[in-house]
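One structure is given below, encoded as structure tokens.
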Number of protein chains: 2
Amino acid sequence: MAKIIASKNGTKKDVIIKKAAFLFRKKGFTGTSMRELAENIGVEASSLYNHIGSKSELLQNICFKVANDFTVQLNETEKATTDTKTKLENLIRFHIHMMLDLYDEVFVANHEWKQLEEPFLSNFLIQRKLYESRMIEIVKSGIRKKELKNIHPHVAVFTILSAVRGLELWQRHKKNITIKELETNMINQLLNGISK
Amino acid sequence: MAKIIASKNGTKKDVIIKKAAFLFRKKGFTGTSMRELAENIGVEASSLYNHIGSKSELLQNICFKVANDFTVQLNETEKATTDTKTKLENLIRFHIHMMLDLYDEVFVANHEWKQLEEPFLSNFLIQRKLYESRMIEIVKSGIRKKELKNIHPHVAVFTILSAVRGLELWQRHKKNITIKELETNMINQLLNGISK
DNA sequence: TTACAAAACTAACACTTATTAGTTTTTTAA
DNA sequence: TTAAAAAACTAATAAGTGTTAGTTTTGTAA
């Protein structure tokens, strides 16, 4: 009888979620079966249900964990009394680190949220929309305070968000560059274009 | 008896592929069933097989059509005898237009290629890798000719590719900005950061 | 009108899906 | 050592999957 071994700091449910994130990223949510997930853990599919409620619940856990992490960081950044450029730099840095530390989870939140069921789908979209709006506000305020060029705030924010999201593509090249290099280069390229 | 109405410039197969691209984008490849696709066209699932070979074949058609379009444009750009900045500007412009004209298809090629079966999966990845390498070469040559700052070529290319890919997110905001504005803003933000 | 091909239909196939019920094993605590 | 709880198992369910076979309808051209 195989067993799900709970990791040092995490329940067995956490072990299942972690492996689910890995598989959902690699094969998609609908492309991953519970039997496949179970096999990867070393257990029968039905045994999973001693620890989790449903397949859907796994996706919810992953998506909202990520959304929450980003929201918490945004809260702190907004409170900080720094100039706009530093605020943006902090956010970009956080995105980069999230992508490196929680690659599978962030990827799944970015790509598989569509498979969420209501009301989770709506909630997720609202939370994301709010995040974007608040970031746009930061840029707008930077423009008003003449800390940023007179760029289109929407375009600026989406270009930044897209670029950091693109770190997904980057995973393959990890070896050829250090994280510090990557961070510096990307922030330079993204900010020096918009900061006065 | 419902019928698949062939569009002006396209076979019935083309109609099926178009609707497939739409659904694959919205619900994912594995998340879309042939019965669902058929219903959206107004026909029984089995009727589709008078026009197509398999579900897989639909995905192949979509992915390689997109990959080909990009490769053709890259060929032309490489041949052109312009400076590096103009070359990059042309490529970015093409990406933007592809995203606007063939939104569903580009999205599917970006996100659902994982569901391709061998040998198509390998072929697709090779073609994509090649595209990236050739774009990196353009940047490298621009650095050598001192037309670009001494940035990290990989990071630069991936930041650009990610940013244009981010136009996916942008679809929702179409109304608030013209395409020309979007184009100008994005190219400015992406290039003025790296051009001397 | 008749003959032929294209393209629709119904029905079924074999297989996979998430999940549940009921049972047995393992772990925990007294 | 024993009793209770946790977590594994086997087996089965009902629903959904892509696809095929065989048949009927539709459109086209002689």
### Task
Just say parallel, tilted or perpendicular for the rings of F158(B) and H154(B), cut-offs at 30° and 60°.
parallel
### Message
Let's see if you can work this out: which of dC9(D), dT19(D), dC9(C) has an atom nearest to the side-chain heavy atoms of M34(B)?
### Response
dT19(D)
### Message
Could you tell me if the side chain of W113(A) sits less than 4.5 Å from the side chain of R128(A), heavy atoms only?
### Response
yes
### Task
Determine the contact category for T32(B): base if any of its heavy atoms lies under 4.0 Å from a base atom, sugar-phosphate if only primed atoms, P, OP1 or OP2 are that close, otherwise nothing.
sugar-phosphate
### Task
Among dA8(C), dT17(D), dT19(D), find the nucleotide with the atom closest to the side chain of S33(B).
dT17(D)
#### Entry: Whole-Å distance separating the NZ atom of K12(A) from the C1' atom of dA5(D)
12 Å
### Message
Could you check whether R25(B) and N110(B), counting side-chain N and O atoms only, form a donor-acceptor pair closer than 3.5 Å?
### Response
no
### Query
Would you say E36(B) has more than 12 foreign heavy atoms packed within less than 6.0 Å of its CD?
yes
### Query
Can you find an N or O donor on one side and an acceptor on the other, under 3.5 Å apart, linking the side chain of N50(A) with the base of dA6(D)?
no
### Task
Describe, in one word, how the ring planes of Y131(A) and F70(A) are oriented to each other, choosing from parallel (under 30°), tilted (30 to 60°) and perpendicular (over 60°).
perpendicular
### Summary
Rounded to whole Å, CD of Q115(B) lies from P of dG18(D) at a distance of 12 Å
### Protein-nucleotide distance (I41(A), atom CD1; dA7(D), atom C1'), rounded to Å
13 Å
### Message
Restricting to side chain to side chain donor-acceptor pair (under 3.5 Å), what partner residues turn up for E137(A), sequence neighbours left out?
### Response
none
Can you name the atoms? Protein N/O to nucleotides 10-13 of chain D N/O, anything below 3.5 Å, with the distance.
from: dT10(D); atom 1: O4; to: S46(A); atom 2: OG; distance (Å): 2.8

### Query
What is the distance from CD of E39(A) to P of dT16(C), rounded to the nearest Å?
13 Å
### Message
OP1 or OP2 of dT19(C) versus the side-chain N and O atoms of K55(A): is any pair under 4.0 Å?
### Response
no
### Query
What is the distance from OH of Y49(B) to C1' of dA12(C), rounded to the nearest Å?
15 Å
### Task
Check the distance between dA6(C)'s P and L48(B)'s CG and give it to me in whole angstrom.
18 Å
### Query
Would you say dA8(D) has OP1 or OP2 under 4.0 Å from some side-chain N or O of H51(A)?
yes
### Task
Check whether F29(B) and L125(B) end up in the same hydrophobic cluster, where Ile, Leu, Val, Met, Phe, Trp and Tyr are linked by side-chain heavy atoms less than 4.5 Å apart.
yes
